[in-house]
Amino acid sequence: MRIGFGSDIHRLEEGSRLILGGIHIESDIGTVGHSDGDALLHAVTDAILGALALGDIGTHFPPSDNRWKDAESSLFLRHATDQMRASGFEIGNVDAVVSLERPKLLPFVKDIRENLAGLLNTGTGNVSVKAKTGEGLGAVGECRAIKAQACVLLKEASSQRR
Ligand code: MG
């Protein structure tokens with residue numbers, strides 16, 4: 001088994017889109033980023049790459065490269081899961097925390113978990129997404145940032161087991 005951790009933060013601005021776990025969230029504030037700014041998918045991608053000791057999302061998709069401008073973050077995650085499979089692993093489980101002051105994420109958590117599970121080719125029961133606020137403190141609490149953190153456990157792929 002391998003364990004990985006990923007963390008990401010994006011600036012929030014009025015009038016930008018808010019995409020989380022590949023799901024569009026109805027919101028008056030959204031992320032500013034080179035890609036679609038999906039902090040959760042970036043954190044999960046980094047966690048998988050970390051579990052494989054293969055660097056991070058910036059190593060594989062440099063922000064200086066205009067090919068990734070406005071790119072869908074599922075593309076980054078697919079790259080990481082391709083590397084995972086090539087190394088003989090599959091998802092054991094994922095546990096993620098999204099810190100955002102508003103809007104409330106609870107109504108979206110089920111859709112986010114299901115979409116993320118689909119992208120990871122695993123069951124929804126293996127994907128936990130927890131929504132927190134910043135209690136009015138710091139960049140998250142002042143609605144200036146969204147933060148996502150994720151832990152993943154990779155296990156030997158069933159096809160590899162004897
Ligand atoms: Mg990011």
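Counting starts at 1 for both ligands and their atoms, following the listed order.
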For the Mg ion (ligand 1), the nearest N/O/S atom on His42 is atom ND1
Nearest N/O/S atom of His10 with respect to the Mg ion (ligand 1), by atom name, please.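 Considering only N, O and S atoms, His10 comes nearest to the Mg ion (ligand 1) through NE2.
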Does one side chain, of Ser35 or His42, offer a donor that lies under 3.5 Å from an acceptor on the other? yes
Heavy-atom count around Lys132 NZ within 6.0 Å, excluding the residue itself: above 12?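 No, not enclosed.
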Mark yes when over 12 heavy atoms from residues, nucleotides or ligands other than Glu72 sit less than 6.0 Å from its CD; otherwise mark no.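 Not more than 12 within 6.0 Å, no.
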Measure across Gly37 and Thr31 and return the closest heavy-atom pair with its distance rounded to 0.1 Å. O-OG1, 3.2 Å
Quick check: does Asp8 put an N/O/S atom under 2.8 Å from the Mg ion (ligand 1)?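 Yes.
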